[in-house]
Amino acid sequence: MPEIVTRFAPSPTGYLHIGGARTALFNWLFARSNAGKFLLRIEDTDRERSTPEAVAAILEGLAWLGIPWDEGPYFQTERMELYRKEAERLLAEGKAYRCVCTPEELEVRREAARAKGDKPHYDRRCRDLPPGEADGKPSVVRFLAPLSGTTAVRDLLRGDVTYKNEELDDLVLLRTDGLPTYNFVVVVDDATMGITHVLRGDDHLNNTPRQILLYEALGYPVPRIGHFPLIHGMEGGKLSKRQDDVSVMAYRDRGFLPEAMINYLVRLGWGHGDQEIFSLDELQEIFRLENVGKSPSRFDPEKLLHLNAHYIKTGDPKRLSVLLVPFLARRRIEAEASPWLAKVVRTFQERSKTLEEMAESAEYYFRPKEPDPKTSEKFLTPEMAPLFDEIVREIEALPEFDPEATETILNRVTRKMGAKLGKIAQPVRVALTGGTVSPGIFEVMDVLGRDEVIRRLTVAAGRIRERSAG
RNA sequence: GUCCCCAUCGUCUAGUCUGGCCAAGGACACCGCCCUUUCACGGCGGCGACCGGGGUUCAAAUCCCCGUGGGGACGCCA
């Protein structure tokens with residue numbers, strides 16, 4: 001069986017977005033699950049819009065997601081000679097012709113056709129130009145497409161889709177400046193790079209019959225082709241930059257884990273029974289093209305968030321602590337990964353949905369936080385001062401400062417008051433964290449350490465006295 | 001407008017190919033209860049869908065047709 005080769009071929013005109021990332025993922029998974037190869041090609045024939053920054057952003061995005069490519073990246077701008085030769089071959093064989101219509105003229109004719117309710121096609125008027133007529137004039141090279149008959153796309157996901165050739169266009173192969181266009185280079189590249197399976201978004205389905213015609217004209221075998229349903233925004237319709245958050249890297253910057261993004265993406269249009277959680281390793285085993293659906297799906301950030309919470313909850317604290325550092329730095333907290341920071345992480349794994357959120361919640365571990373007046377008034381009441389004193393004394397006397405020991409102390413104090421633990425735990429929480437929400441109070445003490453707990457409790461007791469005196 | 005694709009809970013989906021196991025299963029979100037030192041986590045329960053109409057069949061979410069709805073493509077962009 002010949003080896004399977006797939007590819008991801010983004011155009012570097014912006015960041016890696018959700019849709020592109022999923023196309024890359026599916027291509028990679030399909031290759032991997034079939035012991036094939038996955039290659040990366042940068043479609044940068046549009047010199048106006050392609051930027052090196054965008055190339056870097058795409059590579060970075062794939063790297064972050066953990067999708068490696070086996071070959072490339074290839075750049076189309078480095079293969080111009082090949083495209084020019086192929087175009088000339090078609091010209092020489094009479095399968096292409098020169099067209100001297102200007103973009104402005106075409107635009108006018110398109111509008112006229114649209115106004116009449118026709119499909120705005122090129123009218124092929126330069127097909128019959130006398131030989132030599134185009135010499136010396138600015139011209140493009142157009143494909144001489146058949147006017148009759150049909151072309152069938154044998155789509156891997158959708159079955160056969162048949163187009164009337166008269167619906168198709170004489171598409172431009174080479175622009176006036178000699179640079180090739182997408183539909184042409186994609187065919188030349190996929191053919192010459194030995195791509196066996198072209199898997200891309202549904203928005204390309206209508207291009208496919210033209211490309212098949214090109215394969216045939218060029219004498220290349222037509223690869224297997226399949227089109228994935230598109231990913232829509234929450235409002236339906238194409239993902240939009242304004243309405244939806246579509247940049248993959250923006251999610252990293254907001255504290256999302258790549259495994260959450262992968263897991264979310266793979267479930268958009270693909271399913272495996274009732275299973276919801278998938279690792280990259282597992283996906284490489286079980287991914288099947290047959291399980292990819294046909295209908296478009298909506299991008300739902302809520303579910304992504306849920307998945308992220310899951311991976312934070314189950315993630316390795318040591319690794320998470322490394323990832324947390326930049327988020328702390330952004331809040332002007334200089335921390336470095338350490339067993340202690342891993343301990344901090346552990347106290348938040350079940351409560352944070354993102355690393356960003358975790359960094360925010362963790363602030364009081366690094367610098368004491370003042371409770372707001374209302375909270376202070378409610379929980380740091382005068383009768384708490386002596387209680388805090390007592391707790392401090394007991395903590396000081398502790399041979400071993402650990403959660404069990406501090407729990408014993410608080411329970412004892414509570415019992416003496418004849419109250420419930422909450423009665424004293426909340427004020428202690430406010431004294432320690434400046435707020436009423438935190439991980440378990442004994443965990444918090446454990447992270448803070450004996451000295452800091454004593455310090456904060458003493459400060460709080462002092463404040464209470466100051467206030468009731470003044 | 002023309003061509004093309006698609007159609008199961010609000011959302012992601014299982015089931016559709018190979019009709020009966022489906023008075024349609026799971027997940028997110030939402031609501032309630034339980035657990036509980038707060039917040040979460042977790043557990044239990046609830047709400048909630050086969051777009052409509054014809055046909056085929058003993059039997060249709062599943063097959064066929066027609067509507068309707070949604071989406072995509074119609075560039076010297078990719």
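Note: hydrogens, waters and symmetry copies are ignored here, and every other heavy atom, side chains too, is used. Just so we're clear, the structure is a prediction, and the values are computed from it rather than from any experiment. So that the names make sense, note that chain A is the first sequence line, chain B the second, and so on, each numbered from 1.
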Check: Quick one: do A/Glu394 and A/Arg412 make a salt bridge, cutoff under 4.0 Å?
Finding: yes
Check: A/Arg142 has a side chain; which of B/rC76, B/rG26, B/rU37 sits nearest to it?
Finding: B/rC76
Item checked: Options B/rU11, B/rC76, B/rU8, nucleotide nearest the side-chain atoms of A/Arg110 -> B/rC76
Notebook entry, point to check: Does any donor-acceptor pair link the side chain of A/Arg429 with the base of B/rU37 at a separation under 3.5 Å?
Noted result: yes
Margin query: For B/rA7, give the paired nucleotide (Watson-Crick: N1-N3 plus N6-O4 or O6-N4; G-U: N1-O2 and O6-N3; both under 3.5 Å), or none.
Written below: B/rU68
Item checked: A/Arg114 side-chain proximity, nearest of B/rG75, B/rC5, B/rU2 -> B/rG75
Note to self: Of the listed nucleotides (B/rU37, B/rC28, B/rC6), which one gets closest to any side-chain atom of A/Lys294?
What the structure shows: B/rC6
Margin query: Check this for me: does the side-chain of A/Lys303 come within 3.5 Å of the base of B/rA27 through a donor and an acceptor?
Written below: yes
Note to self: Using only modelled atom types and a 3.5 angstrom limit, is any donor from either the side chain of A/Arg351 or the base of B/rC39 paired with an acceptor on the other?
What the structure shows: yes
Item checked: B/rC50 and B/rG15, which share atom name C1', separated by this distance in whole Å -> 10 Å
Notebook entry, point to check: Rounded to whole angstrom units, what separation is found between the CG atom of A/Leu305 and the P atom of B/rC12?
Noted result: 17 Å
Next item on the list: Have a look at A/His197 and tell me which of A/Phe8, A/Trp28, A/Phe30 forms a ring pair (Phe, Tyr, Trp, His ring centres under 6.0 Å) with it.
Entry: A/Phe30
Next item on the list: Would you indicate, yes or no, if B/rA78 has its OP1 or OP2 atom less than 4.0 angstrom from a side-chain nitrogen or oxygen of A/Thr45?
Entry: yes
Checklist line | Whole-Å P distance, B/rG26 and B/rG19 | finding: 25 Å
Notebook entry, point to check: Tell me: CG of A/Asp203 to P of B/rC6, nearest whole Å?
Noted result: 15 Å
Notebook entry, point to check: For A/Arg210 and B/rA73, what is the distance between atoms CZ and C1' respectively, to the nearest whole Å?
Noted result: 8 Å
Checklist line | Who pairs with B/rC50 - Watson-Crick or G-U, where each distance is under 3.5 Å | finding: none
Checklist line | Aromatic plane relationship, A/Tyr251 with A/Phe299 - under 30° parallel, 30 to 60° tilted, over 60° perpendicular | finding: perpendicular
Next item on the list: Take atom CD of A/Glu383 as the centre, draw a 6.0 Å sphere, and report whether it contains more than 12 heavy atoms from other residues, nucleotides or ligands.
Entry: yes
Notebook entry, point to check: Taking a pair as Watson-Crick or G-U wobble with both distances under 3.5 Å, which nucleotide is matched to B/rA23?
Noted result: none
Note to self: Both A/Gln275 and A/Gly237 contact RNA chain B. Taking the nearest nucleotide for each, which residue is further toward the 5' end?
What the structure shows: A/Gln275
Margin query: Rounding to an integer number of angstrom, what distance separates B/rG52 and B/rG69 when you compare their P atoms?
Written below: 15 Å
Next item on the list: Using heavy atoms to find the nearest nucleotide of RNA chain B for A/Gly440 and A/Leu174 separately, return the residue whose nucleotide is more 5′.
Entry: A/Gly440
Check: Going by an N to O cut-off under 4.0 Å, is there a salt bridge joining A/Lys164 and A/Glu167?
Finding: no
Check: Reckon A/Thr102 touches a base, only the sugar-phosphate, or nothing at all at heavy-atom distances under 4.0 Å?
Finding: base
Margin query: For A/His204 together with A/Tyr182, are the ring centres under 6.0 Å from each other?
Written below: yes
Item checked: Nucleotide opposite B/rG75 in a Watson-Crick or G-U pair, distances under 3.5 Å -> none
Note to self: Quiz question: going by heavy-atom distance under 3.5 Å, is there a donor-acceptor pair between the base of B/rC39 and the side chain of A/Ser438?
What the structure shows: no
Check: Does A/Arg142 count as lying over the ring of A/Tyr122, i.e. NZ or CZ under 6.0 Å from the six-ring centre, within 45 degrees of the axis?
Finding: yes
Checklist line | Between B/rA73 and B/rU16 - C1' atom distance, rounded Å | finding: 28 Å
Next item on the list: Please confirm whether any donor atom in the side chain of A/Asp274 sits under 3.5 Å from an acceptor in the base of B/rG25, or the reverse.
Entry: yes
Note to self: Under 4.0 Å, heavy atoms only, any strand: does A/Glu302 hit a base, just the sugar-phosphate, or nothing?
What the structure shows: sugar-phosphate
Next item on the list: Identify the heavy atoms of A/Asn27 and A/Thr6 that sit nearest to each other, and give their distance.
Entry: O-OG1, 3.0 Å
Checklist line | Sugar-phosphate, base or nothing in reach of A/Val161, heavy atoms under 4.0 Å | finding: sugar-phosphate
Note to self: Please verify the inter-ring angle class for A/Phe287 with A/Phe26; under 30° counts as parallel, over 60° as perpendicular, anything in between as tilted.
What the structure shows: tilted
Notebook entry, point to check: Touch check for A/Lys420, heavy atoms < 4.0 angstrom, all strands: base, sugar-phosphate only, or nothing?
Noted result: nothing
Notebook entry, point to check: To the side chain of A/Asn206, which of B/rG71, B/rC5, B/rC4 is closest?
Noted result: B/rC4
Check: Among the nucleotides B/rG42, B/rG26, B/rC74, which one has an atom lying closest to any side-chain atom of A/Arg267?
Finding: B/rG26
Checklist line | Complement of B/rU18, any strand, by Watson-Crick or G-U distances under 3.5 angstrom | finding: none
Check: Given atom NZ of A/Lys353 and atom P of B/rC39, what is their separation to the nearest angstrom?
Finding: 15 Å
Note to self: Students often get this wrong, so: under 4.0 angstrom with heavy atoms, is A/Tyr163 touching a base, only sugar-phosphate, or nothing?
What the structure shows: sugar-phosphate
Next item on the list: Using a 4.0 Å heavy-atom cut-off across all strands, classify A/His204 as base, sugar-phosphate, or nothing.
Entry: base
Next item on the list: In whole angstrom, give me the gap between the C1' atoms of B/rU36 and B/rG42.
Entry: 11 Å
Check: Do A/Phe348 and A/Tyr365 have ring centroids that are under 6.0 Å from one another?
Finding: yes
Checklist line | Between B/rA40 and B/rC34 - P atom distance, rounded Å | finding: 15 Å
Note to self: Tell me the interatomic distance from A/Gln349, atom CD, to B/rC41, atom C1', rounded to whole angstroms.
What the structure shows: 12 Å
Note to self: Under 4.0 Å from OP1 or OP2 of B/rA40: is there any side-chain N or O of A/Ser352 that close?
What the structure shows: no
Next item on the list: Using a 4.0 Å heavy-atom cut-off across all strands, classify A/Cys99 as base, sugar-phosphate, or nothing.
Entry: nothing
Note to self: What's A/Lys423 touching, base or sugar-phosphate or nothing? Going by heavy atoms closer than 4.0 Å.
What the structure shows: nothing
Check: Contact class for A/Pro103 vs. all strands (heavy atom < 4.0 Å): base, sugar-phosphate, or nothing?
Finding: base
Notebook entry, point to check: Taking the P atom of each, how far is B/rA24 from B/rC30, in whole Å?
Noted result: 25 Å
Next item on the list: Select base, sugar-phosphate, or nothing to describe what A/Thr176 touches, counting heavy atoms under 4.0 Å on all strands.
Entry: base
Check: Say you pick atom C1' in B/rC12 and the same atom in B/rA59; how far apart are they, in whole Å?
Finding: 31 Å
Notebook entry, point to check: Base, sugar-phosphate, or nothing for A/Pro439, non-hydrogen atoms under 4.0 angstrom?
Noted result: base
Check: Of all the choices, B/rU38, B/rA78, B/rC74, which nucleotide is nearest to the side chain of A/His121 once you look at every atom?
Finding: B/rC74
Notebook entry, point to check: Contact class for A/Asn207 vs. all strands (heavy atom < 4.0 Å): base, sugar-phosphate, or nothing?
Noted result: base
Next item on the list: Figure out the CZ/P separation between A/Phe278 and B/rU13, and round it to whole Å.
Entry: 12 Å
Check: Expressed in angstrom and rounded to an integer, what is the separation of A/Glu350 atom CD from B/rC41 atom C1'?
Finding: 4 Å
Notebook entry, point to check: To the nearest Å, how far apart are A/Leu205 CG and B/rG72 P?
Noted result: 14 Å
Check: When all nucleic acid strands are considered with a 4.0 Å heavy-atom cut-off, which category describes A/Thr436: base, sugar-phosphate, or nothing?
Finding: base
